[in-house]
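Everything numeric here is computed off the predicted structure, so don't read it as measured data. Naming convention: chains lettered A, B, ... in sequence-line order (proteins, then strands); numbering from 1 in each chain.
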Amino acid sequence: MTAVQILYIVAFALFVYGLMGLTGPRTAVRGNWIAAAGMGVAVIATLMIPGMGNWWLILLGLAIGAAVGVPSARRVKMTAMPQMVALFNGVGGGAVALIAWVEFRQSDGFAHEAAYVAVASLFAALVGSVSFWGSLIAFGKLQEILPGRPIGAGRLQQPINLLLLAGGLACGIAIVAGASAELLVIGLLVLSAALGVLVVLPIGGADMPVVISLLNALTGLSAAAMGLALDNTALIVAGMIVGASGTILTNLMAKAMNRSIPAIVAGGFGGGGGPAAEVDGDRTVRRTSAADAAVQMAYANQVIVVPGYGMAVAQAQHAVREMADLLEARGVAVYYAIHPVAGRMPGHMNVLLAEADVPYDRLKEMDEINGEFARTDVAIVIGANDVTNPAARTDPSSPIYGMPILNVDESRSVIVLKRGMATGFAGVDNALYFDPRTAMLFGDAKASVSDVTEELKNL
Amino acid sequence: MTAVQILYIVAFALFVYGLMGLTGPRTAVRGNWIAAAGMGVAVIATLMIPGMGNWWLILLGLAIGAAVGVPSARRVKMTAMPQMVALFNGVGGGAVALIAWVEFRQSDGFAHEAAYVAVASLFAALVGSVSFWGSLIAFGKLQEILPGRPIGAGRLQQPINLLLLAGGLACGIAIVAGASAELLVIGLLVLSAALGVLVVLPIGGADMPVVISLLNALTGLSAAAMGLALDNTALIVAGMIVGASGTILTNLMAKAMNRSIPAIVAGGFGGGGGPAAEVDGDRTVRRTSAADAAVQMAYANQVIVVPGYGMAVAQAQHAVREMADLLEARGVAVYYAIHPVAGRMPGHMNVLLAEADVPYDRLKEMDEINGEFARTDVAIVIGANDVTNPAARTDPSSPIYGMPILNVDESRSVIVLKRGMATGFAGVDNALYFDPRTAMLFGDAKASVSDVTEELKNL
Amino acid sequence: MLLQNLAVLVLAGFVGFLVISKVPNTLHTPLMSGTNAIHGIVLLGGLIVLGLGAEGTLDKILLVIAIAFGTINVVGGFLVTDRMLGMFKGRSDKDAKR
Amino acid sequence: MLLQNLAVLVLAGFVGFLVISKVPNTLHTPLMSGTNAIHGIVLLGGLIVLGLGAEGTLDKILLVIAIAFGTINVVGGFLVTDRMLGMFKGRSDKDAKR
Ligand SMILES: NC(=O)c1ccc[n+]([C@@H]2O[C@H](COP(=O)([O-])OP(=O)(O)OC[C@H]3O[C@@H](n4cnc5c(N)ncnc54)[C@H](OP(=O)(O)O)[C@@H]3O)[C@@H](O)[C@H]2O)c1
Ligand SMILES: NC(=O)c1ccc[n+]([C@@H]2O[C@H](COP(=O)([O-])OP(=O)(O)OC[C@H]3O[C@@H](n4cnc5c(N)ncnc54)[C@H](OP(=O)(O)O)[C@@H]3O)[C@@H](O)[C@H]2O)c1
């Protein structure tokens, strides 16, 4: 066991070292592989434990996993990554739940184990099961297998969830107290599965990244609990690191969009745009055409592109890049203003624009670019909404009040590309659209940008 | 033991939480007390270990420690803090060495202990003893009980040190191998004491802060080793945290002054100023008087004060504050340019100027102020030398080449206050003094500043 | 044993907390994905319980599934993270300066 | 036992490393002083060896000295750190913004 233990220490040291790398852009790729190497060490160490057997079955499991995991990771599209991460997270939680269940069966309901083994295993089973089913629902919503809008039982939601949780806990307590009927552990797994499903169903598609991060942290915690039950240092350390870092990450993400985790889990908010209504009741918006927009930008000194969720939906990043290239060829300075929570996951815009090979020095973070708008001739907002909403600065009653926004309204003129007058993620109107300096170019972002590009070519 | 273990976990959690506080200026004071609370918890937990006895002796030890520690910490002057820290660090190392020695005596030379207990204890003894004696020498140098200049055996230094280390290790190995003569452990303690003394003696007074930080890290490591020997989690965790953070800190400090730790420990460099020679051979410097300096500053729009080691030596901070007040009363904008390694310990200038109640928003860090010099009428350099030396930018053969410096030479005129033409810590000439825009005001910094202040009052 | 493990747990929690607290916004998603891969370590649990002699067909089937799940989590997680990070390659030098 | 302790040791090392890596220059000296106080924890070693029944006069004397040394380190260390930090009080708000 000594060699195994030492290798475990090596393994988790590699995890930590790898994670430290992952937090810096220059070292991130290497950090990821260092952590992967740590995982290799941990697996090999485990296979070295004296008395290991069932080799064929082990190989079978590993082979199936690799056969499924490798191609799906290789083939998934950039924009489908969030749901892929959800799926990978889910199966991790599922594994924990299954192992805990088998442990129960092998030990006759933890009859001969210390109480803490039972408690830790059952905690792992409950959390793992919540994570598995919750992640599946999150996957379904993001993949649009399930409707993205909140599905819930309204005011009954909270009591039902609490009841499910209480039921799961009751099963667990009965087992720890000495009951050993297998029905109890199955009951625990089923109740927590229902809990996972019902907690995630009412959450709007837009809140999903935060929820996935939360489920990720939960899976980490369940792994740590499993480690306590199995007295396995590698599991404890790795699981707890993920549990802690995942919690912080969830918080950072929630904070960046001025939401609180309880509010998100309580659900019901953030169902994405309401029904499109082209013109607002009393106020009017100014419309523009692709040709006008092209002329306006072609003769500008500086243009700032403000991408948002709509650009991701429309997959317009390549078209945007092309448009920007034409503008730059005409001597226009083009920058991209990246709001930290534009899109539906942190770094969403960076990933997309990087995919379209936008030079990195053109991407400016919010703090860096906010002073520039006042010096900018045209700000072109491509499918962004909430991150440009001045209500965040001016209207204390707005749900997004206090969120830092891009000061698009300070630039000399604004062109907004979106399909209609629908609200964004937060479901609030945007006064920017009624600003006399703003012109709307309605239509799918990709189509609109392509039209503008064509017009630019003809100028 | 369960309660003790749990309290230990609480204790080290408080240490970490406290340290996290100590890294931010707003939370630092509280962080320090949180860590202290952790220490209280750890001590109480230890006293709860079943079977504790010898209560009167324990109380005696605690009482003596408190009676010595509290007043010396309360009374020490701000500028004597580095040597105080050295002393506190030293006694920590001494405690480790003593405990290891007693352990040896109590267990008949570790006869009935696992090998790792012997190894860890002897490591603790060796490192603790080096740290104790090294810290005493550092204290002596900084307190000017010993001469600040390097004292060494020249080329024999390294072989002698290596011999001492080898001797100490040999004693240790003999004990681990089974020998149990007490002479061996005493030999180990004495040889490592000699090593500590001989390593620190040749180091110039100016490198002392780095050395103290290094000895601090070593004491931490020895505490961790002692924890392994005693199977005490609190000691392991706390000791190792200090060992690791101390190592990083030492590195940061060394890097900030463009030195490497091996070079410092090898010693011989950094003995402080050479003999004063008022005028350099072929080049001449321009001298000025307190009256002229006063006039020059009184009619400036902006003055930047560049404090350095000389201000600390002369204890001129209060005088400087008074001078700045007078200037500000006349409408002159006064800022202080704080180089990260000005003085002899990181933050040295901040501490001194804070003591003199200089408003915090007047203190500007290097990066913040370097652009300002070009817009500045008078830069007054008070006992700083190396941190203003343009050779760091221009002369690749200079030992300080590459160190970031304050761009004093960009300001419209420079007044340098120092006693003579002696070099600073790095022992290199400073071309700034021969710049036609520079005027020298020779004399002790405090006296010169007071003279200028008097002149200002009479204007 | 348990208490030592608790100490390890608490320390690992601090490590997780500290390691994340200075990460740029842009890297949130790859980081989430990377930590996601790391909790695939539950795979070890499956290996241990199966390898040290689980009995019964159902149990064996469940454990093979668990191992497969864990492996998907690990392999898929690291690969996807690498692909995400690949997007930033070549551009990282500018960013590193911040 | 030893191996568990080694795991604890490695984790504590990472914690120490991570906690320090984002500290402003100004706080280097108080931080050095604060960590210095923390290693005064060696005091516990003295308490344990003496309390659990060290024998012999010399040994007892040595241990009392060790305890006194450790106490000086702890008490003095925290007090001096507090005094250093006190110098920055009231000014910290400006600094915190950076
Ligand atoms: N980044 C994250 O981590 C994250 C995670 C979860 C939630 N959020 C939240 O998501 C929001 C992000 O702000 P955002 O400004 O990027 O997006 P947004 O406020 O959700 O607005 C997106 C806009 O894009 C338009 N749009 C949708 N599909 C389009 C298409 N095909 N072509 C053109 N336009 C299209 C929509 O209007 P039409 O329907 O009228 O076209 C919608 O108003 C914030 O409220 C943030 O808090 C962010
Ligand atoms: N901050 C740290 O952590 C730290 C630690 C160790 C070493 N260092 C090193 O120390 C140096 C710090 O640079 P520095 O510019 O502050 O100091 P410096 O380069 O050492 O120069 C100090 C100058 O002050 C003058 N001086 C001494 N006593 C004086 C008095 N009573 N009145 C007036 N002038 C007096 C000396 O010249 P005269 O003799 O002609 O008066 C000397 O040239 C750097 O090289 C740095 O690497 C820093």
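Looking at A/Tyr8, the atoms closer than 4.5 Å to chain C (heavy atoms on both sides) all sit in the side chain, from C-beta outward. Only the backbone of C/Ala37 comes within less than 4.5 Å of a heavy atom of chain A; no side-chain atom from C-beta onward does. With a 4.5 Å cut-off on non-hydrogen atoms, C/Leu44 touches chain A through its backbone and its side chain both. Only the side chain of A/Leu230 comes within contact range of chain C, with heavy atoms under 4.5 Å apart. Using a 4.5 Å cut-off between heavy atoms, C/Val80 touches chain A through backbone and side chain atoms alike. At a 4.5 Å heavy-atom cutoff, the contact between A/Met20 and chain C is made by backbone and side-chain atoms alike. Neither the backbone nor the side chain of A/Phe12 comes within contact range of chain C, judged by heavy atoms closer than 4.5 Å.
Each of A/Gly24, A/Gly239, A/Gly94, A/Ala35 has some count of heavy-atom pairs under 4.5 Å with chain C, and the biggest count is that of A/Ala35. When each of A/Val68, A/Ile248, A/Ile338 is scored by its heavy-atom pairs under 4.5 Å with chain C, the top score falls to A/Ile248. With chain A as the partner, the residue from C/Leu9, C/Val15, C/Ile48 showing the most heavy-atom pairs under 4.5 Å is C/Leu9. Listed options A/Val70, A/Leu215, A/Val96, A/Leu47 were ranked by heavy-atom pairs under 4.5 angstrom with chain C; first place goes to A/Val70. Ranking A/Ala244, A/Gly69, A/Ala36 against chain C, the residue ahead of the rest is A/Ala36, based on heavy-atom pairs under 4.5 Å. Of the listed residues (A/Val16, A/Thr46, A/Ile64), the one with the most heavy-atom contacts under 4.5 Å to chain C is A/Thr46. Options A/Val117, A/Ile212, A/Leu62 differ in how many heavy-atom pairs under 4.5 Å they form with chain C, and the most are formed by A/Leu62. When each of C/Val10, C/Leu43, C/Leu58, C/Leu6 is checked for heavy-atom pairs under 4.5 Å with chain A, C/Leu58 comes out on top. Of the residues considered (C/Gly13, C/Gly56, C/Ser33, C/Gly53), C/Gly13 shows the highest number of contacts with chain A, using heavy-atom pairs under 4.5 Å. Taking chain A as the reference chain and counting heavy-atom pairs below 4.5 Å, the highest number among C/Val75, C/Val49, C/Thr81 is found for C/Thr81.
Of the inter-residue distances, the one linking A/Ile99 atom CD1 with C/Ile65 atom CD1 reads 11.5 Å to the nearest 0.5 angstrom. Note that NZ of C/Lys60 and CG of A/Asn54 are 4.5 Å apart. Values are rounded to the nearest 0.5 Å. Of the inter-residue distances, the one linking A/Trp33 atom CH2 with C/Asp82 atom CG reads 4.5 Å to the nearest 0.5 angstrom. Note that CZ of A/Arg75 and CG of C/Leu79 are 12.5 Å apart. Values are rounded to the nearest 0.5 Å. If you take CG on A/Leu19 and CG on C/Leu31, they are separated by 6.5 Å, rounding to the nearest 0.5 Å. Here the CG-CD1 distance, from A/Asn232 to C/Ile41, works out to 7.0 Å after rounding to the nearest 0.5 Å.
The side-chain heavy atoms of C/Thr29 and A/Asn350, taken from C-beta on, include no pair separated by under 4.5 Å. Inter-residue side-chain proximity for A/Asn216 and C/Thr35 is flagged as met; some heavy-atom pair is nearer than 4.5 Å. For the pair C/Leu47/A/Ile58, a side-chain contact is recorded, criterion being any heavy-atom separation below 4.5 Å from C-beta on. Between C/Val74 and A/Val43, the closest side-chain pair of non-hydrogen atoms is not below 4.5 Å. Between C/Val8 and A/Met240, the closest side-chain pair of non-hydrogen atoms is not below 4.5 Å.
Checking side-chain atoms of C/Asp59 against main-chain N and O of A/Arg105 turns up no donor-acceptor pair under 3.5 Å. One N or O on the side chain of A/Gln106 and one on the backbone of C/Glu55 form a donor-acceptor pair closer than 3.5 Å.
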Practice problem: I would like to know whether A/Met52 and C/Leu50 meet side-chain contact (heavy atoms from CB on, under 4.5 Å); could you show each step before the answer? | Solution: CA-CA 8 Å; A/Met52 282 297 262; C/Leu50 180 57; over 6 Å; no
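The minimum heavy-atom distance linking C/Val42 with A/Ala223 is given by the pair CG1-CB, 3.4 Å. Across all their heavy atoms, A/Ala95 and C/Gly70 have their closest contact at CB-N, 4.1 Å. When all heavy atoms of A/Leu22 and C/Gly34 are compared, the pair lying nearest together is CD1-CA, 4.1 Å.
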Pair up each side-chain donor or acceptor in residues 81-91 of chain A with any protein partner under 3.5 Å, not counting sequence neighbours, and list the distances.
residue	atom	partner	partner atom	Å
A/Gln83	NE2	A/Gln143	OE1	2.7
A/Asn89	OD1	A/Thr219	OG1	2.9
A/Asn89	OD1	C/His39	NE2	2.8
A/Asn89	ND2	A/Ser135	OG	3.1

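Applying the ring pair (Phe, Tyr, Trp, His ring centres under 6.0 Å) definition to pairs two or more places apart or across chains, none involves residues 35-58 of chain A.
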